[in-house]
Amino acid sequence: MKARGMIGLGVGAAAMIGLGVGGYLLSQVIAPKGAGYHAKILCSGVFVAGRPAAHLLESDLGRFWYVQGEVDRQARTVTSSLYGLGSSTALYRPGLGCTLARGEGVEALRAQTPRVSGPRDTRGLPWPTGDLGAEPTPLPRTDPEALQAAIDQAFSDPDQGTRAVVVVQGGQLVAEAYAEGFSASTPLSGWSMTKSVTSTLIALAADEGLIDISQPAGLPEWQGDPRAELTVDHLLRMSSGLDFSEVYGAFGDATHMLFVAPSTVEYAAQSPLAHEPDMVWSYSSGTSNLLQRILRRAVGEDRYLNFPRRALFDRIGMRSAVIEPDAAGDFVGSSFMYATARDWARFGLLHLQDGTWEGERVLPEAWVEYATTPTEAAPKGEYGAQWWLNAGNPDDPSDRRWPDLPLDAYDASGFEGQNVLVVPSHDVVIVRLGLTPDREKWNFGAFAAGVLAALPDTPPVASRLQAEVPEAQPVDRAVYVHLGDQAWGERSAAILSEDWEELIQRREDLRHDPHGVRWFGHPAERPVLLRLERGVIVAPEPDRPTLALLLELAEELDARVTGDLGARYVVDPEAPGGVGERRP
């Protein structure tokens, strides 16, 4: 069954052709790019995001009134053209999203489709890996009215185009909102936020010893010329010196690479050297796609298409995430990834937690520090390794990307207003997804500043507890503070002597506890377990500052669950191990 959307005006097309500048440019340059863009966006919107074709044609593609698109749901294809010119077809394949069928065509692309694994089912797990207990709940000391006002403002003007907002603080979902027609289960395009994901995949391959970022990229197209000396680090930092026109329009490299070329990598690999490496910073989607070819060669053909899912998405519960490949089989690592707002938030949270997830290290030690270290060639230090930074002159806020945000903020940023902002000093991740073609209509920095102003101005207790743990003396037992299942006024804490090795062995059972368990790790590899509902909190002991923070955390969790803000825990020096007692 087919659904057809005719969105052009014959008069408009006739006027364009009648200009006579030519037919060649129209048929060979403009039409293929416009049709390719139209087919790809409509295909991903229908088959990946699950959105109605009519809504996509009206909103996302309404300004491309001169292009016609045809959706074939049975064949899982979209074919678009400019009144017959530049016809382009995108094919949907489960697990791989939509691919423009360049080169050998649709049937050849369909025939070569490999087996791709589905996502790990994490629906029954607690947040952040799953969605149990993920109802937005602001932390204590939040200004709820100011937070709601900031979010409402983001959706107040249709021209802003905000579609999803998710805010996470202290690892907890504290705010979430969606425009009409969108929800927590709607995957949305990240555009160039995909670059930050590509960087993370390079990190995971490096952790396996498959890539050394300090070594030459090793692309066969460059053998025998000066480009052979370019390193993976040069590409990650956009300081390779390659000549690539990051222009989105009829004549830019970026649009031709994404919507016309059969291979994004082969197109980007043709870029000549314009500067010596490390001398000039130049933002380039081409270099991000070259990184995907490096990744493909490193992990091997048999693993490549499943690598993002198995190495990253499954480990942190990003069930919806899909990176789409081109017709040559390389992921379009610069631009083509879809995920729900919650999954984009999980990606930011992984980096906020220094590459750890529920007590397990996912990214290599120090990778986040590397990725967020300013590139020397970047004029204001505004770019790291495929991440945008807020570095700049600390004494001159105007000399940085977002004058109203902290210096340590960094961001995965995408076309038309996509953002995953990480703010370590506030223990916060802010996700905003939308459709904002006119940048003047949306000020992300002001929005994020409004959100931060409404949140606690110091890191939540959970973060302070984690910061204290490395200073605690190594011991062979743990403190258990029990919340909830005892009568108020009775002792609600007990010491249990337990060997750390046994505790670590039990970690998997605890991590999958259906009632809500969250892990924090620390450099000594001693686990800190925070249960986000009534239950158990575990932390090293007997370090007294750590113990005090533990009891403060118990109070916060108790207030969060029961609403009892009058509860107090005190340190009792006479109790075994100095454990506190809850007092009304």
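Only this structure's heavy atoms are used, side chains among them; waters, hydrogens and symmetry mates stay out.
By the side chain to side chain contact (heavy atoms under 4.5 Å, CB included) test, A448 pairs with L405, L421, I430, F444, sequence neighbours left out. Contacts of T99 classified as side-chain hydrogen bond (donor to acceptor under 3.5 Å, both in side chains), with partners at least two apart in sequence or in another chain: R93. Applying the ring pair (Phe, Tyr, Trp, His ring centres under 6.0 Å) criterion to Y37, with sequence neighbours excluded, gives F64, F259. Every residue two or more places apart in sequence or in another chain was checked for a salt bridge (charged side-chain N to carboxylate O under 4.0 Å, His left out) with K441, and none qualifies. For E246, the salt bridge (charged side-chain N to carboxylate O under 4.0 Å, His left out) criterion is met by no residue, not counting sequence neighbours. Remark: R63 engages E416 in a salt bridge (charged side-chain N to carboxylate O under 4.0 Å, His left out) (not counting sequence neighbours). Checked against salt bridge (charged side-chain N to carboxylate O under 4.0 Å, His left out), R400 has no partners two or more places apart in sequence or in another chain. For S284, the side chain to side chain contact (heavy atoms under 4.5 Å, CB included) test picks out M238, F244, T287, with sequence neighbours left out.
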Please set out all donor-acceptor pairs under 3.5 angstrom arising from side-chain atoms of residues 272-283, sequence neighbours excluded.
residue, atom, partner, partner atom, Å
D278, OD1, S239, OG, 3.1
D278, OD2, H234, NE2, 3.2
W281, NE1, R237, O, 3.4
Y283, OH, S192, OG, 3.2
Y283, OH, K195, NZ, 3.2

Per-pair distances, 0.1 Å, donor-acceptor, side chain in residues 213-223, under 3.5 Å, sequence neighbours excluded:
residue, atom, partner, partner atom, Å
S214, OG, D212, OD1, 2.7
W222, NE1, A269, O, 3.0
Q223, NE2, L219, O, 3.2

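Because its NZ or CZ atom is both nearer than 6.0 Å to the ring centre of W388 and within 45° of the ring axis, R401 counts as a cation-pi partner of that residue.
Within a 6.0 Å sphere centred on CD of Q112, other residues, nucleotides and ligands contribute more than 12 heavy atoms. A 6.0 Å sphere centred on CD of E208 holds more than 12 heavy atoms belonging to other residues, nucleotides or ligands.
A salt bridge links E324 to K40: at least one charged side-chain nitrogen sits closer than 4.0 Å to a carboxylate oxygen.
A donor and an acceptor atom, one from each side chain of T79 and T89, are located under 3.5 Å apart. Between the side chains of S189 and Q418, no donor-acceptor pair of N or O atoms lies under 3.5 Å.
Atom OG1 of T264 sits about 11.5 Å away from atom CZ of F331, to the nearest 0.5 Å.
Pairs passing the side-chain hydrogen bond (donor to acceptor under 3.5 Å, both in side chains) check and including a residue from residues 402-412, sequence neighbours excluded, read D408-S425, D411-N419. Applying the salt bridge (Lys or Arg N to Asp or Glu O under 4.0 Å) rule to pairs touching residues 344-356 yields D131-R346, D343-R346, D354-R361, sequence neighbours excluded.
Screening S334, S288, S196 against Q386 for a side chain to side chain donor-acceptor pair (under 3.5 Å) leaves a single residue, S288.
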- [ ] Could you walk me through whether T122 and R319 pass side chain to side chain donor-acceptor pair (under 3.5 Å), step by step?
- [x] CA-CA 8 Å; T122 56; R319 298 188 306 277; 3.0 Å; yes
